[in-house]
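As the structure is a computational prediction, the values presented were derived from the model and not from experiment. Each chain gets a letter, A, B and so on, in the order its sequence line appears, and its residues count up from 1.
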2 protein chains.
Amino acid sequence: MDGCRHNGAVTATSERRAHLVVLAGELFAEKGFRATTVREIADAAGILSGSLYHHFDSKESIGDEILQGFLNDVLADYRAAVDTGDDPRAVLETIVRTSTGTLARHRAALAMLQNDWTYFSGQPRFGYLRKALQEIEKIWITQFEEGKRAGVFRADLDAKLTYRLLRDILWIPVHWQPGNQWSTPQIVDAFLSLLFHGINEKP
Amino acid sequence: MDGCRHNGAVTATSERRAHLVVLAGELFAEKGFRATTVREIADAAGILSGSLYHHFDSKESIGDEILQGFLNDVLADYRAAVDTGDDPRAVLETIVRTSTGTLARHRAALAMLQNDWTYFSGQPRFGYLRKALQEIEKIWITQFEEGKRAGVFRADLDAKLTYRLLRDILWIPVHWQPGNQWSTPQIVDAFLSLLFHGINEKP
DNA sequence: GTCTATAGCAAGATAGAC
DNA sequence: GTCTATCTTGCTATAGAC
């Protein structure tokens, strides 16, 4: 179970494990969780499929590890933005700016969440997924409602609908190929200016 | 190959076939194409898996039929909007309004395109997918550029980036459960007002 | 920590009876 | 047009040698 008690190789082992998780995540993101085989993961790592089970007890454990790491990080972003106590518009801008980086770092996890949501969310083991998304929804809606009361957001805004639209919009660029055409800040700016101004020259 | 030469049952046969395609599409959309088994499709139709092969020669043929029908319809919407010869803002609004209905009717196909894009687009058989998306992209970008020249759209708009963002945004609501909370017109209006005005009270 | 080997099962697809 | 039955292949996971 841990073959690294001597010679201080604990770190090396963890890194190996973490590397395997990254490789698996990329495949899960590209082909879907269920469509990715343990053999493909092992191939990518240059070992045989059976050897994977020295590090993990199942394919689902790997998925679990990826998704938990992602949601912890993204929730931290949201909570920190709220804790600034800034006004709604600033909080939302902070959320967009900080969480976009987190989303980019966890590109694979987010793709898994989008593609295999029905699969994961249907299992008790992944119940934390629903909880996390509910907390995120509540934060957006609270900020919208406060902003509407303060008169800075349009009064006819449907908070829940707008949240769903915006959350999914924020999650889009992650679907795009890694290392392509646009940088993360570019995408964020495009999104924010769309969000606050629309595409018109003189609104 | 066609067991309906007598008694005028051709239509009934086609309807049966079409019904199977719909059932399969719903499963593909929910679970992903590769993760859906022919046995599940057959179960949904109340027959055995082997019997499916009387109607289709492979699982991929079913996917092919679904995707082709979808892209034909959506391309027709785009071409019709351009052919009005209206100004860019009107063309885009027409595209949004007409294609949203088409997207909703082909919910399953669009979900397949989003979830299993890497799988389908990698196969020669599905080469028409790339072609269709390229035509769609060209239409958006052309309208953006014309609108910028005419001074109605912001001059700093990155046409290609904005297109990618908007196209994917338009495709989002289809991911949402069928028959839920918001009607299609509601979603379209929320999208359009976001597009043209942003979320601010006084922009 | 990786290998060989394989168990146990589910996938897509086929052949022929009815 | 569906069923029975089955082939072939590929999947997750395990056991034990090295």
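Note on ring orientation: taking the six-membered ring where Trp is involved, the planes of B:Trp171 and B:Phe70 are perpendicular (angle over 60°, cut-offs 30° and 60°).
The pair A:Glu93-A:Arg97 meets the salt-bridge criterion, since a charged nitrogen lies less than 4.0 angstrom from a carboxylate oxygen. Salt-bridge check for B:Glu135 with B:Arg79: passed, with a basic side-chain N closer than 4.0 Å to an acidic carboxylate O.
The distance from atom CZ of B:Arg34 to atom P of D:dT9 is 22 Å, rounded to the nearest whole Å. Residue A:Leu20 contributes atom CG, which lies 11 Å from atom P of C:dG1 at whole-angstrom precision. Distance B:Lys59 NZ to C:dA13 C1': 12 Å, rounded to the nearest Å. Rounded to whole angstrom, the span from the NE2 atom of A:His54 across to the C1' atom of D:dA15 amounts to 15 Å. Regarding B:Phe56, its CZ atom lies at a distance of 15 Å from the C1' atom of C:dG12, rounded to whole Å. To the nearest angstrom, P of D:dC3 lies 15 Å from OH of B:Tyr53. Atom CZ in B:Arg17 sits roughly 13 Å away from atom P in D:dT2 (whole-Å rounding). Between the NZ atom of B:Lys31 and the P atom of C:dA10 there is a distance of 14 Å, rounded to whole Å.
Among the nucleotides D:dA13, C:dT2, C:dC3, the one closest to any side-chain atom of A:Ser58 is D:dA13. Nearest to the side-chain atoms of A:Val38 among the listed nucleotides C:dG1, D:dT12, C:dG12 stands D:dT12. Set against D:dT12, D:dT2, C:dT2, the side chain of B:Ser51 has D:dT2 as its closest nucleotide.
Counting non-hydrogen atoms under 4.0 angstrom, A:Ile47 reaches the backbone sugars and phosphates but no base.
Put simply, A:Arg39 has no side-chain N or O that comes within less than 4.0 Å of OP1 or OP2 on D:dG10.
Nearest-nucleotide positions on DNA chain D for B:Ser49 and A:Gly50 put B:Ser49 closer to the 5' end.
Put simply, the side chain of B:Lys138 never gets that close to the backbone of B:Leu133: no donor and acceptor are under 3.5 Å apart.
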Output side-chain donor-acceptor pairs under 3.5 Å for residues 21-33 of chain B, partner residues at least two apart or in another chain, one line each.
unit_1: B:Lys31; atom_1: NZ; unit_2: B:Glu40; atom_2: OE2; d: 3.1

